[in-house]
Amino acid sequence: MYQRVLLIFLGYLFFSELSLANLLQNPSFDFWVDDSTPNNWVVEYRTYAGVFKESGTIHSGPFSARLIRRQAGTGNNRGLRQRIPVTPDISYTLSAWFYDNHDQVSGGIVLTWRNIDSVAIGSTGVVYTQDTASWQFLTLTATAPNRPPDSVAAFVDVLLRTYGFTGSQPGGFVFVDDVDFDVSAISESKIIADPTFAEYLIITPNPFSFHQNINFKINRKVPVRLSIYDISGKLAKVLLINQTLNPGSYNIIWNGKNEKGGKVAGGIYYVILETNKRERTVKKLVYTPH
């Protein structure tokens, strides 16, 4: 119980340090790589759903995202995805604003939970839009699974999708804006610190270009796994794997290289410190290679 609560606290502190309640990057679609790719979001299968920058129908800010369904009927439900590290047994809330005034498509939000190997272990039910010429607020709250040994959530896919129905035709579109994914009020009320696992996890400098110092302190003898994942949830570098550490302070240096010795691409990464008991502490870093 206390170990789990510590994980909540440390994960919450990580995001508090960034002065961000929202765990998503570019949640209001203010920034775009190009007219069909919003920054920090993955477009799922463009043959199923098109994504485009929209400046006319917006909820706030300069842009929203227009999602176009390219398939007839049911199935093949796709759109936008962002993968976020999560803590097992913690309750999270996803919300988004949708504009749906097309009778051939619905918008929807859903969460897909994944384990430390990024394998899907479960999903929430879909919350759908209604066909109405106004902005509508969709929200759902769910708890990250904690069913050892295989169904322990480490990541979640935040999904914004188009949905068809029997007889629906391609070409229907919806708009989405101002998405939020955060620890729910239920879990925030449980946050307590218990210094039995890791007293701290400090990464410096951040952002970094050449070498990243990862410092942590273990207060008891415990097997430790220290890993780095990219923003999509893909393993970028394993630093310590199933190595039992004695109590004490440790400093690990990462030079921006992956398991094969090549340089990783610049961008956002997550340092994840965990034990074989699934206690987990997460920190975000930014790599800017020169």
Asn246 vs Ile218 side-chain heavy atoms within contact, under 4.5 Å: no
Under 4.5 Å between side-chain heavy atoms, counting indirect links through other Ile/Leu/Val/Met/Phe/Trp/Tyr residues: same cluster for Ile203 and Leu245 or not? yes
First locate atom CG of Asp178, then atom CG of Leu24, and finally report the distance between them rounded to the nearest 0.5 Å. 11.5 Å
Would you say the side-chain atoms of Asp182 and Thr93 include a donor-acceptor pair closer than 3.5 Å? no
Is there a path from Tyr48 to Val110 through hydrophobic residues (I, L, V, M, F, W, Y) whose side chains come within less than 4.5 Å of each other? no
Hey, quick one: are Leu111 and Ile84 part of the same hydrophobic cluster, counting side-chain heavy atoms closer than 4.5 Å, chains of contacts allowed? yes
If we only count heavy atoms from C-beta on, is the Tyr92 to Leu23 side-chain gap below 4.5 Å? yes
Can a side-chain donor-acceptor contact be found between Asn255 and His211 if the only test is distance below 3.5 angstrom? no
Report, as yes or no, whether the 6.0 Å neighbourhood of atom NZ on Lys263 holds more than 12 heavy atoms from other residues, nucleotides or ligands. yes
If you group Ile, Leu, Val, Met, Phe, Trp and Tyr by side-chain heavy-atom gaps below 4.5 Å, do Tyr128 and Trp135 land in one group? no
To the closest 0.5 Å, what do you measure between OG1 (Thr47) and CZ (Arg78)? 9.0 Å
Side chains of Val51 and Leu80: closer than 4.5 Å at any heavy-atom pair? yes
Determine the interplanar angle of the Trp97 and His59 rings, folded into 0 to 90°, and report it as parallel if under 30°, tilted if 30 to 60°, perpendicular if over 60°. parallel
Could you pull out all residues at least two apart from Phe52 that satisfy ring pair (Phe, Tyr, Trp, His ring centres under 6.0 Å)? none
Would you mind reporting whether Leu94 and Val179 have side-chain heavy atoms less than 4.5 Å apart? yes
So does Gln130 get a backbone contact from the side chain of Gln136, meaning a donor-acceptor N/O pair under 3.5 Å? yes
What residues, two or more places apart in sequence or in another chain, satisfy ring pair (Phe, Tyr, Trp, His ring centres under 6.0 Å) together with Phe165? none
Could you go through the side chain to side chain contact (heavy atoms under 4.5 Å, CB included) check for Ile253 and Ile214 one step at a time? CA-CA 6 Å; Ile253 297 176; Ile214 303 171; over 6 Å; no
Side chain Gln25, main chain Asn40, donor-acceptor under 3.5 Å: no
Test side chain to side chain contact (heavy atoms under 4.5 Å, CB included) on Asp177 and Phe29; report intermediate values, then the result. CA-CA 7 Å; Asp177 203 354; Phe29 306 104; 4.2 Å; yes
Would you sort out whether Val224 and Leu273 count as a side chain to side chain contact (heavy atoms under 4.5 Å, CB included), showing the intermediate values? CA-CA 7 Å; Val224 170; Leu273 176 68; 3.4 Å; yes
Give the cluster check for Leu140 versus Val86: same hydrophobic cluster or not, with ILVMFWY residues linked at side-chain heavy-atom distances below 4.5 Å. yes
For the residue pair Pro205 and Gln212, what are the closest heavy atoms and their distance? O-NE2, 3.0 Å
Pairs in or reaching into residues 264-273: which pass salt bridge (Lys or Arg N to Asp or Glu O under 4.0 Å), with residues at least two apart or in two chains? none
In Å, rounded to the nearest 0.5 Å, how long is the span from OG of Ser95 to CG of Leu138? 9.0 Å
Side chain to side chain donor-acceptor pair (under 3.5 Å) with Asp34: which residues, sequence neighbours excluded? Ser36, Thr37
Tyr99 OH to Ser134 OG distance, which is reported to the nearest 0.5 Å: 7.0 Å
Please report the interatomic distance CG(Asp180) to CG(Asn22), rounded to the nearest 0.5 Å. 4.0 Å
Do we see a donor-acceptor contact under 3.5 Å between the side chains of Asn39 and Asn26? no
No-hydrogen, no-angle side-chain donor-acceptor test under 3.5 Å, Thr129 and Asp100: yes
Pair Phe155 + Trp113: ring centers closer than 6.0 Å: no
Would the distance check show the side chain of Thr112 and the main-chain N or O of Asp157 forming a donor-acceptor pair, the cut-off being under 3.5 Å? no
Any salt bridge (Lys or Arg N to Asp or Glu O under 4.0 Å) pairs touching residues 45-69, not counting sequence neighbours? Asp35-Lys53, Glu54-Arg66
Quick check, are the ring centers of Phe216 and Tyr250 under 6.0 angstrom apart? yes
Indicate yes or no: at least one non-hydrogen side-chain atom of Leu160 is less than 4.5 angstrom from one of Ile109. yes
Quick check: do Val271 and Trp254 have side-chain heavy atoms less than 4.5 Å from each other? no
The reported gap from CD1 in Ile58 to CZ in Phe175 (rounded to nearest 0.5 angstrom) is 11.0 Å
Any non-hydrogen side-chain atom of Val183 less than 4.5 Å from a side-chain atom of Ser91? no
Restricting to ring pair (Phe, Tyr, Trp, His ring centres under 6.0 Å), what partner residues turn up for Phe98, sequence neighbours left out? none
Quick check: do Val156 and Phe181 have side-chain heavy atoms less than 4.5 Å from each other? yes
What do the steps show when you test Thr162 against Ile68 for side chain to side chain contact (heavy atoms under 4.5 Å, CB included), and what is the final call? CA-CA 7 Å; Thr162 64; Ile68 299 178; over 6 Å; no
Under a 3.5 Å distance rule, please check whether Gln104 uses its side chain to pair with a backbone N or O of His102 as donor and acceptor. no
